[in-house]
Structure formats: C-alpha cells, structure tokens
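Scroll down for the structure; my scribbles are underneath it.
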Number of protein chains: 2
Amino acid sequence: MTEKQEKILNAALDLFAHEGFKATSTSKVAKKAGVSEGLIFRHFENKEGLLQAIIQQGEEKIKVLFADIVLETDPKEVLRKTLQIGQKMNQNEADAAFWKLQYKIKWELEIYGEHKVEPLERALTVALEKLGYDDPLQEARILMYAFDGMTTRFYLQDDFDIQTPVEYLWKKYDL
Amino acid sequence: MTEKQEKILNAALDLFAHEGFKATSTSKVAKKAGVSEGLIFRHFENKEGLLQAIIQQGEEKIKVLFADIVLETDPKEVLRKTLQIGQKMNQNEADAAFWKLQYKIKWELEIYGEHKVEPLERALTVALEKLGYDDPLQEARILMYAFDGMTTRFYLQDDFDIQTPVEYLWKKYDL
DNA sequence: GTCATTAGTGAGTGATCACTTACAAATGTA
DNA sequence: TACATTTGTAAGTGATCACTCACTAATGAC
C-alpha cells in the first residue's frame with residue numbers, strides 16, 4: 001500500500017461517510033487526496049472497487065472490535081464490554097467516520113451483513129445463558145437491535161445523548 | 001392533485017425507496033410515471049421538491065399510525081399496539097416501500113426527525129409508568145431503539161424473521 | 001547501467017445529470 | 001364563443017459523471 005493509495009482511501013472514507021457513496025464523485029476524492037483522478041482507477045479499478053476496499057477494512061476492524069468480547073468468559077464482563085463498544089467506535093474522528101460509513105452504507109447497498117455481528121451474538125447468548133435467561137438468544141438479539149437503534153440515533157441526531165441509555169442498560173442488567 | 005401528479009409521486013416513492021434518492025434520475029421517474037420529464041419540474045419545481053412532497057406525506061402517515069396508540073389508556077394495550085406497528089407498516093407493497101423509504105432517507109439526508117416519534121415516546125412512557133417501571137422514559141426509549149433496530153434488519157435482511165423477536169417482547173412485557 | 005514494471009499525471013471521452021424553454025393541448029370562466 | 005390559465009410535451013442546455021488513454025517519473029532486479 002503506497003502513501004498515495006492510503007490518501008485516496010482516507011479521503012474516500014471521509015467523503016463517503018459524510019456525503020454518501022453515490023453523491024461523492026471520483027474527482028472530489030482525487031482532489032481531497034491530492035492525487036490525479038486517474039490514479040484512483042489505476043489502484044482500485046473503479047469507484048465500486050474503492051468502496052469494496054473500504055468495506056474490506058471494515059471486516060477486519062469489526063473482528064478487532066469483537067475479539068476482546070468473544071474471548072471473555074465472565075458473562076457480566078461480556079455485557080459490560082458490549083455496552084462499551086459505542087465508546088470504542090468513536091474514540092477519534094477517523095474511527096467515528098469509519099463506523100458511521102458502515103452504518104450508512106448498509107442502506108445504499110441494501111445489505112445488512114449479519115455474518116459480521118454473529119460472533120457478538122454468540123458471545124452475548126452464552127453470557128445471558130450463564131446469567132439464567134430463559135431465552136438467551138432472543139434476549140441477545142433484542143440487546144443488539146437496541147444497540148443498533150441507539151447507534152443510528154447517535155450518528156443522525158446531533159444532540160443525542162448515548163450515555164444515559166447505556167447507563168440505564170447497565171443498571172438493568174445489574175452490571 | 002392531478003392524476004399525473006400522483007403517478008409521478010408514486011413512481012418517485014418506489015424508485016427512491018428501492019434505488020435511493022441520489023441514484024434515481026428524474027428521467028427514470030418520468031419514464032416510470034409515463035409522463036414527460038418536464039412535468040416533474042412544473043409540479044414539484046425540482047428533484048428536491050419531489051422528495052419533500054413525499055416526506056410531507058410521511059409526516060401525515062406517521063400521525064395516523066400513532067393516533068390509535070396515543071389515545072389508548074390501557075397501558076398493556078399501548079404496548080401491544082406498539083409491537084403491532086411493524087405489521088401495519090407492511091400490510092401491502094406500497095406501504096412497505098413507503099416506510100422503507102422513510103428509514104432509508106434518514107441516512108441520505110442525515111436527519112433522524114425525532115419529533116415524529118415523540119408522541120409514541122410519550123404514550124409509551126405513560127404506559128410503562130402505569131406498569132410500575134422505575135425509569136419509564138428510559139425503558140420506553142430502549143424499546144423504541146430495539147424497534148428501530150428490528151425494522152432496519154427487516155428492510156435490509158431478506159430472510160429476517162420479525163415475528164420471533166416481537167413475540168419474545170410480548171412475553172417479556174407480559175402482554 | 002539497462003530495462004521492465006509500477007506509480008502517477010492530465011487532458012481527454014461519451015453518457016447522463018438536473019433543469020429550461022418554446023410551444024401545444026386541455027380546461028375553466030365570462 | 002372568446003380568452004386566460006393550467007397542464008403537458010419534446011427537444012434542447014451546460015455541467016458533471018465515471019472512466020480511458022497517451023504519456024512521463026520512479027523504482028527494482030540483474
């Protein structure tokens with residue numbers, strides 16, 4: 001990966017996240033990255049390839065994000081770490097743009113990518129089973145739906161306070 | 001509202017919902033509606049105006065959807081009716097496309113439109129208070145986040161089974 | 001040092017975009 | 001019937017789109 005290749009990816013990530021994939025022109029990406037437009041097509045073949053390269057990074061980043069949780073054996077710690085994912089996703093501006101794009105792109109591509117969250121689903125199910133829930137899989141899924149809903153709000157609603165609902169869930173699950 | 005005006009709106013709704021706003025050209029809308037492209041601009045001024053007309057319809061439809069719930073006084077019935085919204089939203093293809101667009105458009109416009117769901121939030125809060133929840137507002141919000149997360153999955157994941165989680169919540173709230 | 005490969009440029013390309021304009025058909029009103 | 005207004009069309013418009021091409025600069029292998 002050359003320096004200019006990375007500059008293209010970073011510029012594309014930022015623009016796709018904030019303006020949308022379809023709404024971002026390749027000329028805009030090139031300008032922001034400080035390279036000629038032709039170079040994008042040399043390295044990524046076409047605009048779709050550029051997007052796929054970013055999504056590819058996403059697959060790896062999500063594994064890293066979940067790795068810590070999947071290995072955890074203490075059930076309450078699994079829940080605690082899950083509720084802390086939101087903070088991890090938005091530690092800095094680059095990460096925030098990255099994860100926002102992951103949420104945003106779902107609707108432009110019309111693909112949820114459920115396999116990506118499956119490891120988390122399994123970890124949560126095991127944890128909730130240990131904690132004595134009757135239907136741990138359904139409870140895990142409801143928690144994940146709520147998390148997705150909260151995250152959506154966080155990215156779309158400027159003044160959204162994510163702290164309060166997270167703390168509420170913290171209390172609710174007695175963590 | 002002339003016949004052709006409605007045809008334009010319906011064609012636009014369908015295309016915007018399935019292809020996206022930015023990705024849908026005005027010529028495509030005209031072709032699908034069976035009118036000349038110029039007529040779109042005569043009636044709706046520009047492409048943005050066409051979208052706004054659809055969103056306007058959304059504001060009214062959401063009020064109708066919630067009206068029944070807001071007037072309900074029995075707390076459990078409020079919860080039951082809330083969980084049944086999902087079915088109401090997808091009674092027929094036109095409705096499904098309409099509500100899908102409402103979800104989809106949020107990410108293209110980057111606006112959540114929290115005022116639209118406020119009446120439901122209030123109704124749920126009152127209901128959960130009556131049922132003795134410590135923090136009924138937070139509980140109401142978590143339920144709404146979960147609902148949003150479920151609906152997102154429903155629209156993006158072809159084989160998503162919305163029935164099971166709804167039934168789980170039904171049991172959980174003892175309805 | 002030579003030569004093949006890769007990285008990078010910048011000026012194109014046709015296609016498509018949202019939108020305009022000039023004009024005709026339909027409709028309402030007296 | 002006369003005429004003003006609204007509804008509708010078809011053929012444009014310049015701008016912008018994703019992408020290509022001919023070319024040069026840099027790098028690596030021997």
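Please read all numbers here as calculations on a predicted model, not as lab measurements. Chain naming here is simple, since letters A, B, ... match the order of the sequence lines and numbering starts at 1 in each. No hydrogens, no waters, no symmetry mates; every other heavy atom, side chains included, goes into these values.
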Between A:K61 and A:D95, does a salt bridge (Lys or Arg N to Asp or Glu O under 4.0 Å) hold up when you go through it step by step? CA-CA 10 Å; A:K61 280 206 178 190; A:D95 274 347; 3.4 Å; yes
Show, in sequence, the C-alpha distance, side-chain angles and deciding distance for A:L101 and A:F21, and conclude whether the side chain to side chain contact (heavy atoms under 4.5 Å, CB included) test is met. CA-CA 9 Å; A:L101 177 59; A:F21 173 66; over 6 Å; no
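A salt bridge does not link B:K22 to A:E19: none of the charged side-chain nitrogens sits closer than 4.0 Å to a carboxylate oxygen. Here B:R122 pairs with B:E118 in a salt bridge; the nearest charged N to carboxylate O distance falls below 4.0 Å.
Remark: B:V35, B:S36 in residues 28-37 of chain B come within less than 4.0 Å of DNA chain D through at least one heavy atom. The stretch residues 40-51 of chain A comes close to DNA chain D through A:F41, A:N46, A:K47, each having a heavy atom under 4.0 Å from the strand. Contacts between residues 1-15 of chain A and DNA chain C, counted as heavy-atom distances below 4.0 Å, involve A:T2, A:K4. If you check residues 18-26 of chain A against DNA chain D, the residues with a heavy atom closer than 4.0 Å are A:T24, A:S25, A:T26, listed by number.
A:I142 contributes atom CD1, which lies 11.5 Å from atom CD1 of B:I142 (distance to the nearest 0.5 angstrom). Rounding to the nearest 0.5 Å places CG of A:D148 at 11.5 Å from OG1 of B:T151.
With a 3.5 Å limit on both pairing distances and Watson-Crick or G-U wobble geometry required, the stems of 3 or more pairs in DNA chain D span C:1-30 with D:1-30.
In this structure, A:K104 is not positioned above the aromatic face of A:F16 in the sense of NZ or CZ being under 6.0 Å from the six-membered ring centre and within 45° of the axis. Cation-pi geometry between A:K106 and A:Y103 is met: the NZ or CZ atom falls under 6.0 Å from the ring centre, inside 45° of the normal.
Residues satisfying the salt bridge (charged side-chain N to carboxylate O under 4.0 Å, His left out) test with A:K130, not counting sequence neighbours, are none. Not counting sequence neighbours, the partners of A:Q157 by the side chain to side chain contact (heavy atoms under 4.5 Å, CB included) test are A:R153, A:D159, A:F160, B:Y112, B:E114. Remark: B:K63 engages no residue in a side chain to side chain donor-acceptor pair (under 3.5 Å) (not counting sequence neighbours). Applying the salt bridge (charged side-chain N to carboxylate O under 4.0 Å, His left out) criterion to B:E77, with sequence neighbours excluded, gives B:R80. B:D161 meets the salt bridge (charged side-chain N to carboxylate O under 4.0 Å, His left out) test with no other residue; sequence neighbours excluded. Among residues two or more places apart in sequence or in another chain, the salt bridge (charged side-chain N to carboxylate O under 4.0 Å, His left out) test is passed with B:K116 by none.
In summary, the side chains of A:E139 and B:Y168 do present a donor paired with an acceptor at a separation below 3.5 Å, with no hydrogens or angles considered. Checking B:Q52 against B:E48 by side-chain atom types alone, a donor-acceptor pair falls below 3.5 Å. A donor atom on one side chain and an acceptor atom on the other are not found under 3.5 Å apart for A:S27 and A:E37.
In 5' to 3' order, the nucleotides of DNA chain C bounding all contacts with chain A (an atom under 4.0 Å from a heavy atom) are C:dA7 to C:dG10.
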